[in-house]
Protein chains: 2
Amino acid sequence: MEKKEKILEGAMKEFLVQGYAGTSMDRVAKAAAVSKTTVYSHFGDKEGLFVALVERLAKKKYSEVFSQGNHSLLQGEPEVVLRQFATKMVDLACEDTEDLTFIRLIVGESGRFPKLAETFVSNLVKPGIEVLSQYLASRPELEIEDREATARVILGSLVYFKIVQVMLYGEKIVPMEGDRLINSLLHLLLR
Amino acid sequence: MEKKEKILEGAMKEFLVQGYAGTSMDRVAKAAAVSKTTVYSHFGDKEGLFVALVERLAKKKYSEVFSQGNHSLLQGEPEVVLRQFATKMVDLACEDTEDLTFIRLIVGESGRFPKLAETFVSNLVKPGIEVLSQYLASRPELEIEDREATARVILGSLVYFKIVQVMLYGEKIVPMEGDRLINSLLHLLLR
DNA sequence: GTAGTAAAACTAAACTGTTTAGTTTTATTT
DNA sequence: AAATAAAACTAAACAGTTTAGTTTTACTAC
């Protein structure tokens, strides 16, 4: 394997769990099974490594979520398509998965790394809103005037649910089945 | 002013901006204009100070948002009340305000401090869901079956909007007026 | 009341031992 | 010759403690 890849994988393990300030370059080198000199020769400094990692992750997540295979899913009856889409968002990434930890990192470091937050929005949030908007536009029977705003209502409901239930450990405090949220959301959209 | 208060105020300035790992006890003491020994005599160690700060902030935010004055706002015609509620959430806390920075901190540190995330959910998220659920229940003409799930749709739409637009600097990349979101949300709820 | 006193809270600074980002040096591999 | 490794290194910052001395507070004796 290329050293650069090995370093990024080691960096991922550390940064995702410990955050930027909590991660040391020594531990990154150890996690990557690479010498510290090699890390510095490839990425210059800590910030350079962090930026490279987050940008690579954003692109990777983009291609995971917005591949052709997934695009074709957004065709067909709203009742079916929207339920499928929502179920995928609520069920997938249910454990303490990489995706949720990535969002945690971006939000947590957004104050100190605004550029990375913008990368995240450009690569993941914006395409998400656009794909959903386009689907809503292709279904005039839904009688949705403002597709983009409605797409944000849908995404917001689902993302907020995941954040509260999983990321902030809300399942014990405010328990709720994902299906209840999905049913209520679809009820609003389809009535 | 009490020393304890001064320390918490200094700690707030540092922790909210720099995060847990990024904040040093020396800088907290300096920001509070207090000696380091005093900090340690009051809060034991760094973690103790951090926990005390977050819990105090959670309680403070709670009383700000769920005071009697605000409760009474949730009475009257849905068209008016819901628009007022949504507008308040979208407009208030518009700059890089303490509230948004607090959420950033909670989300960012939720992996390393699960207890604090639970405090946040218990003190702010849960009451928010409950108050909104109760209002929806008081308005049967809205024909909402699952009030709690619908309350989450409303809160999710608004919180996600603020997170994307302000916290993650989305205003430049995916611009949108708050009114558009509110109109679409109300359109779904009232039709 | 006022002077004296003792406990408690406080300060500033030095200190310990660890960890940090980043560099350099020397040696090994390819 | 170029990339790597391992290890030693620097200078600074870190959490937390200790020290030596000051201020505040409250209580006592007169």
Side-chain angles (χ1 to χ4, degrees), chain A residues 1-57 101 104-106 108-116, chain B residues 1-57 101 104-106 108-116:
Chain A
M1 203 204 296
E2 279 222 29
K3 297 278 159 177
K4 221 166 183 169
E5 279 301 307
K6 271 177 78 175
I7 296 167
L8 284 167
E9 290 221 354
M12 196 170 73
K13 275 182 214 156
E14 295 295 321
F15 279 120
L16 282 181
V17 177
Q18 312 290 337
Y20 180 77
T23 293
S24 84
M25 296 296 269
D26 285 285
R27 281 208 298 275
V28 168
K30 186 168 273 182
V34 141
S35 82
K36 217 165 84 163
T37 357
T38 308
V39 176
Y40 276 93
S41 81
H42 276 297
F43 295 99
D45 60 8
K46 190 183 183 181
E47 195 169 317
L49 172 61
F50 184 62
V51 170
L53 170 71
V54 171
E55 282 177 347
R56 198 189 74 133
L57 269 176
T101 316
R104 185 138 60 193
L105 186 72
I106 292 292
E109 306 294 347
S110 59
R112 276 144 287 167
F113 295 95
K115 285 271 163 59
L116 294 185
Chain B
M1 202 207 296
E2 280 221 31
K3 297 281 159 174
K4 221 165 182 172
E5 279 302 307
K6 272 177 78 176
I7 295 167
L8 285 167
E9 289 219 356
M12 198 169 72
K13 276 181 214 156
E14 295 296 321
F15 279 120
L16 282 179
V17 176
Q18 312 288 339
Y20 180 78
T23 293
S24 84
M25 295 297 269
D26 285 286
R27 282 209 298 274
V28 168
K30 186 168 276 184
V34 141
S35 82
K36 213 165 91 168
T37 347
T38 307
V39 176
Y40 276 93
S41 81
H42 276 297
F43 296 99
D45 58 9
K46 189 183 184 182
E47 195 170 316
L49 173 60
F50 184 63
V51 170
L53 171 70
V54 171
E55 282 177 348
R56 197 189 75 133
L57 270 176
T101 315
R104 184 139 62 194
L105 185 72
I106 292 292
E109 306 294 347
S110 60
R112 275 144 288 165
F113 294 94
K115 285 269 162 61
L116 295 185

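All figures in this text were calculated on a predicted structure; none of them were measured in a lab.
- Along DNA chain C, the nucleotide closest to A/Tyr40 and the one closest to B/Ala33 are compared, and the more 5′ of them pairs with B/Ala33.
- Residues satisfying the side chain to side chain contact (heavy atoms under 4.5 Å, CB included) test with A/Phe113, not counting sequence neighbours, are A/Tyr20, A/Glu47, A/Phe50, A/Glu109, A/Leu116.
- Along DNA chain C, read 5' to 3', the first and last nucleotides having any atom under 4.0 Å from a heavy atom of chain B are C/dC10 to C/dA12.
- Residues satisfying the salt bridge (Lys or Arg N to Asp or Glu O under 4.0 Å) criterion with A/Asp45, sequence neighbours excluded, are absent altogether.
- In this structure, the side chains of A/Arg56 and A/Glu5 come closer than 4.5 Å at one or more pairs of heavy atoms.
- A/Ser35 pairs by the side chain to side chain contact (heavy atoms under 4.5 Å, CB included) definition with A/Thr37, A/Thr38, not counting sequence neighbours.
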Throw together a table of side-chain donor-acceptor distances under 3.5 angstrom for residues 10-17 of chain A, partners on residues two or more places apart or in other chains.
none

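- Near DNA chain C, meaning a heavy atom under 4.0 Å from it, residues 42-55 of chain A has A/Asp45, A/Lys46 in order of number.
- When distances are taken from the side chain of A/Val34 to each of D/dA15, D/dT4, D/dA5, the shortest belongs to D/dA5.
- For B/Thr23, the side chain to side chain donor-acceptor pair (under 3.5 Å) test picks out no residue, with sequence neighbours left out.
- Atom-to-atom distance recorded for A/Glu55:CD and A/Leu8:CG is 11.0 Å, nearest 0.5 angstrom.
- Under the 4.5 Å side-chain criterion, counting only non-hydrogen atoms from C-beta, A/Lys115 is not in contact with A/Val51.
- Residues satisfying the ring-ring contact (aromatic ring centres under 6.0 Å, His included) test with A/Phe43, not counting sequence neighbours, are none.
- Shown here are the salt bridge (Lys or Arg N to Asp or Glu O under 4.0 Å) partners of B/Lys46, two or more places apart in sequence or in another chain: there are none.
- Within residues 13-31 of chain B, the residues that place at least one heavy atom under 4.0 Å from DNA chain D are, in residue-number order, B/Thr23, B/Ser24, B/Met25, B/Arg27.
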